[in-house]
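Worksheet for the structure shown next.
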Amino acid sequence: MTANGTRPSREVPAPSPPGAPVPPSADDVLHAAEIARAGGDTSRYPGTLTARQRLDVLLDEGSFVEDGLLAGSLPADGVVTGVGTVEGRPVAVIAHDFGVKAGSWGELTCEKQIRILERADRDLLPVFYLVDSAGGRLTDQMGFFPGRRGASAIFRLQVALSGRVPQICCLHGPSAAGGAYMPAFTDWVGMVEGRASMFLASPRVAEKVTGEHTTGEEMGGAHMHAEVSGCGDSVFEHDWQAVAAARLLLDYLPDDWTQRPAVVEPVDPEETDGTGVIPDDPVTGYDVVEVIDRLVDAGTFFEIKPDWAPEIVVGLARLEGRVVGLVANQPSTRSGAIHVDSADKATRFISWCDAFNIPLVFLQDVPGFMVGVAVERQGIIRHGAKLITAMASAEVPKFSVILRKAYAAGFYAMCAPGFEPRATIALPSAFIGAMGPEASVNAVYARKVADIADSDERAAFVAARVEEHRAEINLLRMASDLVVDTIVPGEELRAELAVRLRHAERWTRSAPRRHHAVSPV
């Protein structure tokens, strides 16, 4: 019945005039969906997986539910979005289809990405970004660029999600112009060798603006970003390897900031004596990763940015099944001194761990911050202050281990007792001081040493003063003055940390006292 009580007319509608649009049939709709799912043509890139094949590697079989399949007039408008599961855990995904207009962004491409990020924010879903995009679609500039639902809204949502849910990026191809910020706002970026790139302007544009002649690889390739700029975390030979690493990384992280990483069955390391690889000579180098491998569950160390600022090593691992974040000086590179980039590397990692409730273990073998004209001009004080700010602000349980030496402000930056670690643990050969004994003697007795003409007498004088210095600030005194909480042999360090982690399980955060610290930039 109609609103006025009469029956609806049964008259057959008049036929559409010649040339009028014809509504699509059910078969037409299904065919359009089939075309959209087929995606673009990537045959020009042998060995490269399509966007949907990458999702097949990432997600549990049969778990993906797609949104916006028929958006626009292009297949999925160049981006696949939706929700699936990784080891049963729901995640949001964004996968650019480089076979559709080079994965470029138009109005609906942006809208689809905004909608899935809004859902991730609302439902607290981890987000995976499979990036492969030439940037904004210039033929749709008014659609993707200036408006409230354009690319800027994507970046706003990424920032809003930061520290709330894990954001993990696999960079399979280009990420150009403003779109280069999509990977930059994520927690981890795995780059595929030979195809992945990030730059704000292409080499051609840079040549026009600056006169520089360069290549895409040199300007923004995978190895450059993983080794020089620090924008990339790791480089992979194949698409599937980057995706597999991203999938593995999620295993170390909680679903969101309110939760803690899952505890799993522990796996004993193959060897447990960390002191076996640490030389007695305080200036002889060694690989601290070998110490880490003897400390954590076998095969669980997931290093972050291994090829950038390698004088400091950071990464996630499990210690008797519990996830920990490790920050370790690397004596085999630049003596383990803290430089500008290594300070930034540790700063970001510490903040990441604190955001997702991951306890921190600092492994100290540090001669201090690097000194000299070059690093002072680079702002080593400012960058060091960022590191100390992040470390001091972190509220997760922190443990500081003195492996061999801890000198000067490096001792502070690596979580000295004044920054309230749950414990400061030392190996028996550890030494803590404002500077090394030899440097201290040189500073205190420089004039007297210079006045001794006989070289043997001078050497004997210096050696005697060095021993006096060592005797004055020996490890037993450090322990008796509560600088060090306990001294353990290397083979017992794993067990010591494990029991302290168990005892710290009920940790809580302090009540808010301010908006946030003012970063040293």
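Residue pairs meeting the salt bridge (Lys or Arg N to Asp or Glu O under 4.0 Å) criterion with at least one member in residues 508-517, sequence neighbours excluded, are Asp354-Arg509, Glu395-Arg509. Within the structure, the ring pair (Phe, Tyr, Trp, His ring centres under 6.0 Å) test picks out the following pairs touching residues 74-130 (sequence neighbours left out): Tyr45-Phe98, His96-Trp105. Pairs engaging residues 23-32 under the side-chain hydrogen bond (donor to acceptor under 3.5 Å, both in side chains) rule: Ser25-Asp28 [sequence neighbours left out].
Atom CZ of Arg115 is surrounded by 12 or fewer heavy atoms from other residues, nucleotides or ligands within 6.0 Å. Around the CG atom of Leu248, the shell of radius 6.0 Å holds more than 12 heavy atoms that belong to other residues, nucleotides or ligands.
Judged by distance alone, the side chain of Asp187 and the main-chain N or O of Gln167 form a donor-acceptor pair under 3.5 Å.
Under 3.5 Å, the side chains of Thr214 and Glu212 contain no donor-acceptor pair of N or O atoms. For Gln53 and Asp56, the side-chain atoms include no donor-acceptor pair closer than 3.5 Å.
Residues Leu316 and Leu253 form a side-chain contact, since some pair of their non-hydrogen atoms from C-beta on lies under 4.5 Å apart. Counting heavy atoms from C-beta on, the side chains of Phe64 and Leu58 never come closer than 4.5 Å. In this structure, Leu49 and Val243 have side chains that are not in contact, with every pair of non-hydrogen atoms separated by 4.5 Å or more. Taking the side chain as every heavy atom from C-beta outward, Glu218 and Met224 never approach each other to under 4.5 Å. Between Arg322 and Arg502, some side-chain heavy-atom pair lies under the 4.5 Å cut-off.
Salt bridge absent: Asp97 and Arg54 never bring a charged side-chain N and a carboxylate O closer than 4.0 Å. No salt bridge links Glu107 with Arg137; every basic N to acidic carboxylate O contact stays at or beyond 4.0 Å.
Of all non-hydrogen atoms in Ile312 and Met414, the two that sit nearest each other are CD1-SD, 4.3 Å.
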